[in-house]
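Have a look at the structure below before the remarks.
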Amino acid sequence: MREQLNGHAGKCVWFTGLSGSGKSSLANALEVELNRRGYHTMLLDGDNIRHGLCKDLGMGEGDRTENIRRVGEVARLFAEAGIIVITAFISPFRADRDAARALFDEGDFIEVHVDTPLDICEQRDPKGLYQKAREGRITDFTGISSPYEAPPQAEVTLKGAEHGQQELLAQLVKRVI
């Protein structure tokens with residue numbers, strides 16, 4: 001019934017990658033393009049999740065896992081409502097992303113790895129977080145003092161340093177709709 005009302009099925013497009021990889025920019029661009037084409041979407045990212053649903057969580061490994069668990073559950077609810085939910089989170093641990101994937105039917109979870117080299121992410125870093133992490137002022141920072149486990153078989157891998165946003169967006173749209 002919801003699929004008929006919306007004119008499309010719900011699903012989750014899960015962006016993962018290092019801070020500064022371009023995942024938020026691409027997620028925003030994807031949402032704009034899907035909306036332009038008449039698709040119903042919801043974007044979940046650190047800004048709208050960490051200030052509300054997950055404001056009680058810190059940045060340690062256990063809290064990161066809980067953050068991603070909550071995001072996965074909320075994404076599942078949106079998808080069940082027939083909405084294409086787009087998430088943009090570092091989500092550094094493979095097990096956490098796999099747990100989110102397990103909430104969805106086959107084909108309804110599209111993992112998008114924005115694969116951008118660490119040195120490029122550090123150059124793009126507008127908030128100076130990498131520098132603070134290298135100076136020891138931020139602990140448990142993904143890519144510096146905390147690991148990032150790249151997806152071994154994401155549905156989509158985007159080379160964030162090799163292609164422009166429009167080319168990457170075109171690749172995404174082909175896979176999502």
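The figures that follow rest on heavy atoms only: side chains count, while hydrogens, waters and symmetry mates do not.
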> Where is the tightest heavy-atom contact between A75 and C12, given as atom of each residue plus distance?
Replying inline: CB-SG, 4.1 Å

> Can you name the side-chain hydrogen bond (donor to acceptor under 3.5 Å, both in side chains) partners of Q165, sequence neighbours left out?
Replying inline: none

> Members other than F93 in its cluster, when Ile, Leu, Val, Met, Phe, Trp, Tyr link by side-chain heavy atoms under 4.5 Å?
Replying inline: none

> Please, which pairs that meet salt bridge (charged side-chain N to carboxylate O under 4.0 Å, His left out) have at least one residue in residues 78-93, sequence neighbours excluded?
Replying inline: R76-E80

> Which residue pairs pass the side chain to side chain donor-acceptor pair (under 3.5 Å) test when at least one of the two sits in residues 81-93, sequence neighbours left out?
Replying inline: W14-S91, T16-S91

> Pairs in or reaching into residues 163-177: which pass salt bridge (charged side-chain N to carboxylate O under 4.0 Å, His left out), with residues at least two apart or in two chains?
Replying inline: none

>> Strictly distance-based, threshold 3.5 Å: is any side-chain N or O of N28 a donor or acceptor partner for the main-chain N or O of S24?
In response: yes

>> Once rounded to the nearest 0.5 Å, what's the spacing between atom CD1 of I83 and atom CG of L34?
In response: 12.5 Å

> Can you list the residues that meet the side-chain hydrogen bond (donor to acceptor under 3.5 Å, both in side chains) rule with E106, with sequence neighbours excluded?
Replying inline: none

> Can you name the side-chain hydrogen bond (donor to acceptor under 3.5 Å, both in side chains) partners of T65, sequence neighbours left out?
Replying inline: D96

> Can you pull the salt bridge (charged side-chain N to carboxylate O under 4.0 Å, His left out) pairs that have at least one residue in residues 18-32, sequence neighbours excluded?
Replying inline: none

> Any side-chain heavy atom of M42 sitting closer than 4.5 Å to one from V74?
Replying inline: no

> For the residue pair A150 and R94, what are the closest heavy atoms and their distance?
Replying inline: O-NH2, 2.8 Å

>> For E162, give me all partners under side-chain hydrogen bond (donor to acceptor under 3.5 Å, both in side chains), at least two apart in sequence or on another chain.
In response: none

>> Other members of the hydrophobic cluster containing F141, with the 4.5 Å side-chain heavy-atom rule, please.
In response: L18, I90, L118, L129, Y130, I138, I144, Y148

>> Between R36 and E33, is the salt bridge (Lys or Arg N to Asp or Glu O under 4.0 Å) condition met? List the steps.
In response: CA-CA 5 Å; R36 189 184 70 74; E33 180 61 22; 2.5 Å; yes

>> On a heavy-atom basis, which atom in A154 and which in P151 lie closest, and how many Å separate them?
In response: CB-CB, 3.9 Å

> Would one find more than 12 heavy atoms of other residues, nucleotides or ligands at under 6.0 Å from atom CD of E135?
Replying inline: yes

> Should F15 and L169 be regarded as members of a common hydrophobic cluster, given that ILVMFWY residues are connected when their side-chain heavy atoms come within less than 4.5 Å of each other, either directly or indirectly?
Replying inline: yes

> Are V32 and V176 connected, step by step, through hydrophobic side chains (Ile, Leu, Val, Met, Phe, Trp, Tyr) whose heavy atoms are closer than 4.5 Å?
Replying inline: no

> If two hydrophobic side chains count as joined below 4.5 Å and joins carry through other members, does F89 share a cluster with F104?
Replying inline: yes

> Do the charged groups of E73 and R70 touch, with an N to O distance under 4.0 Å?
Replying inline: no

> Which atom pair, heavy atoms only, marks the closest approach of L43 to A27?
Replying inline: CD1-CB, 3.7 Å

> Tell me, which pairs form a salt bridge (charged side-chain N to carboxylate O under 4.0 Å, His left out) where one or both residues lie in residues 116-129, sequence neighbours left out?
Replying inline: E122-R134

>> Quick check: closest heavy atoms across A100 and G72, and the distance to 0.1 Å?
In response: CB-CA, 4.3 Å

> Do L26 and I84 sit in the same hydrophobic cluster, where Ile, Leu, Val, Met, Phe, Trp and Tyr count as joined when their side-chain heavy atoms come under 4.5 Å apart?
Replying inline: yes

Using a 3.5 Å cut-off and no angle test, enumerate the donor-acceptor pairs between side-chain atoms of residues 108-115 and protein atoms at least two apart in sequence or in another chain.
from: E111; atom 1: OE1; to: R101; atom 2: NH2; distance (Å): 3.2
from: E111; atom 1: OE2; to: R97; atom 2: NE; distance (Å): 2.8
from: D115; atom 1: OD2; to: K159; atom 2: NZ; distance (Å): 2.8

>> Would the distance check show the side chain of N35 and the main-chain N or O of Y39 forming a donor-acceptor pair, the cut-off being under 3.5 Å?
In response: yes

